[in-house]
Amino acid sequence: MPDIPEKFDRTVQSADYIKRDVMIAMRDGVKLHTVIVIPKGAKNAPILLTRTPYNANQKLERTASFNRAARLQLDDELFTSDGYIRVYQDVRGKWGSEGDYLMTRPLVGPLNNTQVDHSTDAYDTIEWLVKNLPESNGKVGITGSSYDGFTTVMAMINPHPALKVAAPMCPMIDGWMGDDWFHNGAFRMTNLDYIYDQTSGRQSSWGKMPHPGRDDYESYRAAGAAGESAKRVGLDQLPFWRKIVEHPAYDSFWQNQALDKILAQKPLAVPTMWITSIWDQEDIYGGIAAYRATEPKDTNNDKNFLVMGPWRHSGAKGDGDKLGLIKFDGDTAAQFRRDVLKPFLDMYLKDGAPKADIAPVIAYETGTNRWTRYKSWPLACEKGCETTSKPIYLQAGFKLGFDKPTTDTANDHDDYFSDPNKPVPNWPRPVQLKNADDWRRWLLQDQRFVADRPDVLSYVSDVLTEPMHIAGLPMVNLLASTTGTDSDWIVKLIDVYPEDVPSQLELGGYQLMVAADIFRGRYRDSLEKPTAIPSDKVQRYRFTLPNSNHVFLPGHRVMVQIQSSWFPVYDRNPQSFVPNILLAQPTDYKVALQRIFHSASSASSIELPIVR
Ligand code: PG9
């Protein structure tokens, strides 16, 4: 008899949980691998479900303990210690599940000609769970972050009646406007790794894509366009990469799968808490966009909830006491899980749980470092909010202030040469996009490392004598020209710390981005149909920056930086108009003279959502 038996039962008799590993049949017969962790002795227990492409088995492998809370994820602890049944499921086509995988599989319809999607799979899974888990009370909640946030949102569409509550974290909602794939049309090179790892095999894992050298800035620049870098590692073989190449603009492919647009059509079917991170390096757009899209139909203001934490992507699941050098008041993620998420989910899932005191909007105020509660969000905006945003203008002499420029002279502009062959880096080189620590903190990178580059313009206000609170999405109103025929515009709203910060010396003079984004100029008139920028003609670029709830403290200054590349996170704009930037040729990359206007008739500003 061989020493390795045919079967080995891995159940640990003295563990405090029972693990059931099941294959649940969906309506098309495909079976999905599902891991169920039931506290021993559970009765009338609520179920918390997550549907993931990232290996359900691994979610129960944080440690090798006999204790379920130590084995499951950190953010599961409060739930599983309190008797919840925790369920993780591999989405179809990944890991232990059968079926075909489609990246962020769209709903059944023009983009999905099968009979199944994540909405039907969630439905069928919940149907099975409530019928087959005698330990449960028949109430199911769903949660998950990022891709798992996307599957959470999908479950909210035509939901199973047993689905009582949803808590999508940092969900991927619109991959073109500002979540993973693009930001306002600029492609995010980090996706080459993601697509490679996620779709090159059913069980693919992270970090497998080859990268030449130690500096992606250098290797991606040397390769040319994103398409060339992709080709060099074989991404051409992967259908989702080919879809990206076929759909560089905001066409029906992207519009029809944008979940905020889909959700806006009907009132929310289940109470939902949108959990967002202020410095989300991956899905900074979607959570707040979905909250805003669903808010008008939440007429009683009792179904749609928003949380904003001072976190990186998925930060609500981890330790929230600091991010890079920026410290908060205690572990804000643990505070959120204990004081907000747990009572919120209990209220809908646990039999007899008390009504939780949860405000419609719970937002961490950065700068002052405290949690705040509001009835709605944003507090200030262009129109329809209690307060109207207030423009802060670029002024002569690289100043920033609330007085609109009054002159119209030939000198009312500042210029820089943007050379796509010497792009502005996202963080100091060498840049390794796969370096998790750099990647998670880059939105808080001290911007002094580029502030004085000749191709970065920095406008700065006087020292503030009073606190200035922004609460919403700053709107860029940039008046600019280029000698090229296409261009990217990056606008960064920055809090400049005083030269001396006695309580934390390393923050002296720090330039902290509080909201920053990129806009691909070819989309200024239409996101769907790009057009060449007329050379040397002033154009208006209007786009929102990510959401912020920040107080610029007295002694600090407000800064706006403008540049035309942000590499290698974003691919380079060749600055000459080509049909598809992902396929640009080396000769398309041209130096351009960029001109930023601050005159009376062409006044560039950032409309700040300032509240008192
Ligand atoms: N931000 C990741 C992702 C989500 C959806 C699509 C592609 C990538 C994630 O962390 O899951």
Side-chain angles (χ1 to χ4, degrees), residues 50-56 58-59 73 75 88-95 101-107 111-112 117-118 122 142-155 167-183 186-200 204-209 226 230 235 238-244 247 253-254 257-260 262 274-290 311-318 433-443 546 569-570:
T50 295
R51 306 191 58 256
T52 184
Y54 302 134
N55 193 359
Q58 211 180 35
K59 306 284 186 180
Q73 304 296 296
D75 61 315
Y88 283 99
Q89 181 177 66
D90 290 323
V91 296
R92 58 173 63 224
K94 289 298 286 184
W95 300 93
Y101 181 71
L102 271 191
M103 182 72 83
T104 50
R105 176 183 285 262
L107 289 174
L111 298 173
N112 172 358
D117 53 33
H118 288 296
I142 188 159
T143 189
S145 188
S146 199
Y147 201 118
D148 305 353
F150 155 81
T151 57
T152 297
V153 177
M154 284 296 206
M169 289 182 190
C170 307
M172 207 260 190
I173 295 289
D174 186 327
W176 193 94
M177 288 298 292
D179 290 330
D180 292 280
W181 315 119
F182 295 86
H183 273 215
F187 177 68
R188 290 158 61 87
M189 299 289 287
T190 40
N191 292 304
L192 299 186
D193 284 286
Y194 188 86
I195 296 166
Y196 191 98
D197 291 335
Q198 182 77 331
T199 66
S200 57
S204 46
S205 50
W206 302 121
K208 294 284 178 273
M209 191 179 96
L235 270 163
L238 300 176
F240 190 73
W241 169 248
R242 296 201 297 263
K243 287 181 201 166
I244 294 266
H247 302 284
F253 176 76
W254 296 111
Q257 58 181 308
L259 285 175
D260 51 343
I262 292 168
W274 301 99
I275 302 158
T276 66
S277 297
I278 289 171
W279 285 282
D280 190 327
Q281 78 283 7
E282 294 177 32
D283 296 308
I284 202 165
Y285 175 87
I288 177 88
W311 308 313
R312 62 168 173 84
H313 184 58
S314 302
K317 294 163 73 68
L433 294 176
K434 281 200 286 206
N435 180 317
D437 285 341
D438 289 345
W439 174 236
R440 287 169 177 173
R441 292 180 199 146
W442 85 268
L443 289 177
V569 173
Y570 292 92

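For ligands, and for the atoms within them, numbers begin at 1 and follow the listed sequence. In this chain, residues are counted from 1 in sequence order.
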Is there a polar contact, in the sense of an N or O pair closer than 3.5 Å, between T104 and ligand 1?
no
Of all the heavy atoms in M103, does at least one lie under 4.0 Å from an atom in ligand 1?
no
Exactly one candidate in Q89, K59, K94 meets side-chain contact (heavy atoms from CB on, under 4.5 Å) with T52; the answer is K59
Give the atom numbers and elements of ligand 1 that come within less than 4.0 Å of a heavy atom of Y147.
4 (C), 5 (C), 6 (C), 9 (C), 11 (O)
For atom 2 (C) of ligand 1, closest protein heavy-atom neighbour
S146 OG, 2.9 Å
Result of checking Y194, Y196, W181 against F240 for ring pair (Phe, Tyr, Trp, His ring centres under 6.0 Å)
W181
Is the closest side-chain donor-acceptor distance between Y101 and R92 under 3.5 Å?
no
Nearest protein heavy atom to atom 3 (C) of ligand 1, by residue and atom, and its distance?
D180 OD2, 3.2 Å
Do M177 and D179 come within less than 4.5 Å of each other through their side chains, counting heavy atoms only?
no
Flag D283 as yes when one of its N or O atoms lies below 3.5 Å from any N or O atom of ligand 1, and as no otherwise.
yes
Counting heavy atoms only, which part of D148 comes closer than 4.0 Å to ligand 1: side chain, backbone, both or neither?
neither
May I ask you to identify the nearest protein heavy atom to atom 5 (C) of ligand 1, giving residue, atom name and distance to one decimal place in Å?
M172 CG, 3.3 Å
Considering only heavy atoms of E282, which atoms of ligand 1 have at least one such atom less than 4.0 Å away?
1 (N), 2 (C), 9 (C), 10 (O)
Identify the heavy atoms of L235 and M209 that sit nearest to each other, and give their distance.
CD1-SD, 4.3 Å
Mind checking whether W176 and F187 have ring centres under 6.0 Å apart?
no
Check the angle between the aromatic planes of F150 and Y147 and answer parallel, tilted or perpendicular using the 30° and 60° thresholds.
perpendicular
Report the part of Y54 in contact with ligand 1, treating N, CA, C, O as backbone and CB onward as side chain, heavy atoms under 4.0 Å; options are side chain, backbone, both, neither.
side chain
Report the part of H313 in contact with ligand 1, treating N, CA, C, O as backbone and CB onward as side chain, heavy atoms under 4.0 Å; options are side chain, backbone, both, neither.
side chain
Return the closest protein heavy atom for atom 8 (C) of ligand 1 as residue, atom name and distance.
Y194 CZ, 3.2 Å
Taking all heavy atoms of I275 and all of P171, pick out the closest pair and write down the distance.
O-CD, 4.3 Å
